[in-house]
Undergrad: 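The structure under discussion is supplied below as structure tokens; questions concerning it will follow.
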Amino acid sequence: GSEETALLAPPLVAAGYTLYALDAPGYGSSEPLAPDGYAQPALAGLAADLLSDLGLSPAIWIGYSWGASVGLHTAARFPDSIRGLALLDGGYLVAEDDPDYNADSDYDDELDELRRRAAAGESWDAPHEVIGAAMVASRSAPCPPLYPLVQASGIPVLLAHATEPRELQALRRVAIERFRAALPDA
């Protein structure tokens, strides 16, 4: 789960839904994976297996940021596991959208940057190694190539994107146009 769970849970439960807020590997009290275990296709397989093992397939997947991307990968690769996607500010941006993106950065570079940011006072809900692995893995398996598979599956998709900070609006606009072009029913 994430801190957004506290906001989402009450209205969903009041509407009669059962909500499962899972911690991604390495978050909360879940065990971390080796860095290559954070590859989006691998996480999609873990997610589909978990949904099946819990008897929840097909499920409505609500994912925030990285969780939205994992949801898209799960829907594209295991469409029988997902009956709807709610993407909360995720699954539509790619690393290349960021003007500061460095295509040559690797896992060690990510760890160095995260350590620098931590020294400046930033904090996260998972160890640097987990966040760095997730960031590198997300860049290696972006979501836009999956859009046609999700569109063809007929799985309904809702994208709720951030509006702050305002200086990123132009960047988001381009990403949202790409998303809408590939998923016109979303």
Undergrad: Would you find more than 12 non-hydrogen atoms of other residues, nucleotides or ligands less than 6.0 Å from E31 atom CD?
TA: no
Undergrad: Sequence neighbours left out, what passes salt bridge (charged side-chain N to carboxylate O under 4.0 Å, His left out) with D98? Give chain and number order.
TA: none
Undergrad: Ignoring hydrogens and geometry, is there a side-chain-to-backbone donor-acceptor pair from T74 to A48 under 3.5 Å?
TA: no
Undergrad: Does the ring centre of W66 sit less than 6.0 Å away from the ring centre of Y27?
TA: yes
Undergrad: Does R172 pair with D97 as a salt bridge, N-O distance under 4.0 Å?
TA: no
Undergrad: What I want to check is whether the side chains of S69 and Q40 have a donor and an acceptor closer together than 3.5 Å.
TA: no
Undergrad: Locate the shortest heavy-atom distance separating R77 from P41; write the atom from each residue and the value.
TA: NH2-CG, 3.4 Å
Undergrad: Is it the case that one hydrophobic cluster holds both W61 and L183, taking links as side-chain heavy atoms less than 4.5 Å apart, direct or via other members?
TA: yes
Undergrad: Would you indicate whether R180, at its atom CZ, is surrounded by more than 12 heavy atoms from other residues, nucleotides or ligands within a distance under 6.0 Å?
TA: no
Undergrad: Is it the case that the side chains of R83 and S57 hold a donor-acceptor pair, with the cut-off being a distance below 3.5 Å and no angle test?
TA: no
Undergrad: Taking salt bridge (charged side-chain N to carboxylate O under 4.0 Å, His left out) as the test, write out the residues that go with D109, two or more places apart.
TA: none
Undergrad: Look at the aromatic rings of F179 and Y147 and report parallel, tilted or perpendicular, splitting at 30° and 60°.
TA: perpendicular
Undergrad: If you compare all heavy atoms of I155 against all heavy atoms of A75, which two are closest, and at what distance to 0.1 Å?
TA: CD1-CB, 3.8 Å
Undergrad: Please say yes or no: joined through hydrophobic side-chain contacts below 4.5 Å, possibly via intermediate residues, are V157 and I176 part of one cluster?
TA: yes
Undergrad: Is the number of heavy atoms from other residues, nucleotides or ligands within 6.0 Å of OH (Y101) greater than 12?
TA: yes
